[in-house]
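Since the structure comes first, as structure tokens, the remarks are kept for the end.
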Amino acid sequence: MEVKQNTLGQRQTFSNTHYPRNYEEVKGLLAAFYDAKQPYSVVSTGNNWGYGCDHSHEDVEHHVNLSRMNRIIHFDEVDGLITIEPGVTYGQLHRFLKNKKSKWITPVHGGGPECSVIGNAIERGYGITPITDHFQAVQSLRALLPNGKLYQSPLYSIGLRKLGKLFRNGIGPYLDGVFTQSNLGVVTEMTIRLAPESEHLELFFIDVKESELESAVEMIKTFKRKFKGTVGGINLMNTERVISMLSEYPKEGIEKREPLSEDFIRMKAKKHLIAPWTMVGALYGEKSVVKATKKLIKKDLRKLKGKKVFLGKTKIELIKKVASILPGGIGSSLEKTAESLEGLFNILSGVPQNTALKLAYWKNLSKTPDAPVLNPNTDNCGLIWYAPLVEMNPQSVRDYVKMVKEVSLKFNITPLITLTTIDDLCFDSTIPILFNRDDVIDQKKAHEYFNALLETGKRNGFYPYRLGTNSMQSYLSALDEDYVSIMRSLKDAFDADDLLATGRYIPGKEFEQRLKASPSNSLGAKL
């Protein structure tokens, strides 16, 4: 018997937790569950901080953690294709590539080195390295179905394994995608495509005034369209979000459950020269290409009145040296800025870092993020992610920011807003909802705040690109009958007994029956 609590503050009891080490052991477990008709859940490493961690969406007798299945099965140095198991983390992959002196980089995100590469791809996660969309990097996969059958990408299934890794679309119906954000099978192997190491990488930081937000959105859209392949992911962050990277949350504010005061925000913004909005991105490529792109971008940026800073590795090293010799508070402040810059540069270079993960500790009074290995879950951090899709349109972004500020004001919470480019059509916004996990009232308020953002956002056209254990039921309740019926047909074909991760993105049988019995779904109501 094992009791686990996650960063959402949820508690769950598992009677049996299994840690298979290879494909055959997973196959044996699934066969045993199938024969005994025992429900179960599966995670890769359980380190999806802020979405549920090592928890299942419903209580189950058996919980399977694939973290010990961590083989790197095959690496193609010529084409940058790597075949891995679910327990392979970003840190492990980076070390492997570094030891090989490879020219390819790890497709990292801000969650740190201990997160599963496959786990993030299955949730259709993203980062800001050149291959932003991590599912788009998936070339092929293998998945065990609850009924014991093995799914392989089409070209695999006719014996052309090498070709299957090279051509992600396969032949016939494309089914690899049904194993993402679903409960239809257990992915045991995946081949992903890596991005090549760039000859030159340069960061850019652009100050944006509140009145210039719409112009900044239009510029970002233009940059992503005109300079595709050179411009990586771009973040647009509000003042408070930048402050959270550079300053500690006042202890008194945590104890009294208060937001950051306006005086504190003004003081920190002045000290660190933080604008109302900060645009952060990177340019990748040959030095001459980066230089030419930078020249064109600078020309467009003349419309914005704030400072524009472009930094390569050499300049960041220089800032670090200057910080080390400056006395007192000035040197200390510059040193902290230099550390953040170096951390961001490393992430954009494909080096997993704890730089962004430290945010999870912002309202943690019992632990600080000083250890080399961070685990917000076991370290008692309170974190829920609200990550809605926002159209890359100036008015949509303005409406979204207004909505977040209004909801935040009602709950007396400081909004930490980031807008990250998925492509040139959509931002994914991330709002970390941080709370003191030892404070029951603060935890309750955090969940109410999330629910208010979820429902208000949905009414205004904003909805998360992925869901956690706290929000799945709300999503399932919003689905129409036809969609539920189609998804249930798939589930019945793959898992007729509803054994695997019931209620995860696909409604359970009882849910479908309740939906059909609802008066709003009757023929009379529809006519």
Side-chain angles (χ1 to χ4, degrees), residues 20-26 44-45 47 66-109 111-144 150-170 176-177 179-180 186-199 201 229 232 284-285 346-353:
R21 293 164 295 180
N22 53 52
Y23 171 83
E24 291 302 325
E25 289 185 9
V26 176
S44 296
T45 59
N47 294 340
L66 302 176
S67 57
R68 293 179 189 172
M69 278 185 71
N70 60 357
R71 286 188 310 144
I72 293 174
I73 297 168
H74 182 259
F75 176 49
D76 180 345
E77 173 68 42
V78 175
D79 291 317
L81 300 173
I82 192 157
T83 305
I84 57 176
E85 290 183 326
V88 174
T89 63
Y90 289 103
Q92 181 187 347
L93 178 54
H94 170 68
R95 289 190 297 273
F96 174 85
L97 295 172
K98 187 177 179 182
N99 290 338
K100 292 276 186 184
K101 295 183 171 55
S102 176
K103 63 181 180 182
W104 305 93
I105 67 171
T106 307
V108 299
H109 57 61
E114 307 307 316
C115 297
S116 164
V117 178
I118 286 182
N120 188 257
I122 285 174
E123 279 298 300
R124 302 204 283 268
Y126 64 90
I128 53 174
T129 50
I131 300 179
T132 307
D133 185 332
H134 292 169
F135 175 63
Q136 288 301 315
V138 176
Q139 294 295 111
S140 62
L141 59 81
R142 301 175 84 205
L144 266 173
L150 173 65
Y151 169 83
Q152 301 185 95
S153 298
L155 288 165
Y156 268 52
S157 70
I158 60 172
L160 301 175
R161 192 177 176 91
K162 172 67 174 176
L163 206 55
K165 292 179 180 181
L166 295 173
F167 185 59
R168 79 184 300 269
N169 292 344
D176 287 21
F179 296 101
T180 68
V186 178
V187 175
T188 58
E189 179 185 309
M190 182 180 282
T191 297
I192 64 169
R193 185 173 190 168
L194 303 175
E197 190 175 56
S198 290
E199 177 191 305
L201 167 62
Y284 296 86
N346 286 336
I347 289 173
L348 292 165
S349 302
V351 183
Q353 299 280 294

For [X] against [Y], the heavy-atom pair lying closest together:
{"X": "M190", "Y": "A121", "result": "SD-CB, 3.9 Å"}
{"X": "I105", "Y": "P130", "result": "CD1-CD, 4.0 Å"}
{"X": "R71", "Y": "V88", "result": "O-CG2, 3.4 Å"}
{"X": "D176", "Y": "S140", "result": "OD2-CA, 3.7 Å"}
{"X": "I128", "Y": "Y284", "result": "O-OH, 3.6 Å"}
{"X": "D133", "Y": "Y126", "result": "CA-CB, 4.4 Å"}

Calculate, to the nearest 0.5 Å, the distance between atoms [atom1] and [atom2] belonging to [X] and [Y] respectively.
{"X": "E199", "Y": "K103", "atom1": "CD", "atom2": "NZ", "answer": "14.0 Å"}
{"X": "I158", "Y": "Q152", "atom1": "CD1", "atom2": "CD", "answer": "11.5 Å"}
{"X": "L155", "Y": "N169", "atom1": "CG", "atom2": "CG", "answer": "10.0 Å"}
{"X": "R68", "Y": "N22", "atom1": "CZ", "atom2": "CG", "answer": "12.5 Å"}
{"X": "K162", "Y": "Y156", "atom1": "NZ", "atom2": "OH", "answer": "10.0 Å"}
{"X": "H134", "Y": "T129", "atom1": "NE2", "atom2": "OG1", "answer": "4.5 Å"}

Can you check whether [X] reaches [Y] side chain to side chain, under 4.5 Å on heavy atoms?
{"X": "L97", "Y": "L194", "answer": "yes"}
{"X": "L81", "Y": "L166", "answer": "yes"}
{"X": "R168", "Y": "Q136", "answer": "yes"}
{"X": "L93", "Y": "P352", "answer": "no"}
{"X": "F96", "Y": "I82", "answer": "yes"}
{"X": "L141", "Y": "Y151", "answer": "yes"}
{"X": "P113", "Y": "Y90", "answer": "no"}
{"X": "S116", "Y": "I122", "answer": "no"}

Polar side-chain atom of [X] near backbone of [Y] as donor-acceptor pair, under 3.5 Å:
{"X": "Y23", "Y": "L144", "result": "no"}
{"X": "Q139", "Y": "R193", "result": "no"}
{"X": "S349", "Y": "V351", "result": "no"}
{"X": "Q92", "Y": "N70", "result": "yes"}

Assess the side chains of S67 and T45: does a donor N or O sit below 3.5 Å from an acceptor N or O?
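No, no side-chain donor-acceptor pair sits under 3.5 Å.
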Assess the side chains of E77 and S102: does a donor N or O sit below 3.5 Å from an acceptor N or O?
yes
Using the rule side-chain hydrogen bond (donor to acceptor under 3.5 Å, both in side chains), only one of K165, E189, R161 pairs with T83; which is it?
K165
Starting from the C-alpha separation in whole Å, work towards a yes-or-no answer on side chain to side chain contact (heavy atoms under 4.5 Å, CB included) for V186 and L66.
CA-CA 10 Å; V186 178; L66 302 176; 3.9 Å; yes
CZ (R21) with more than 12 external heavy atoms under 6.0 Å:
no
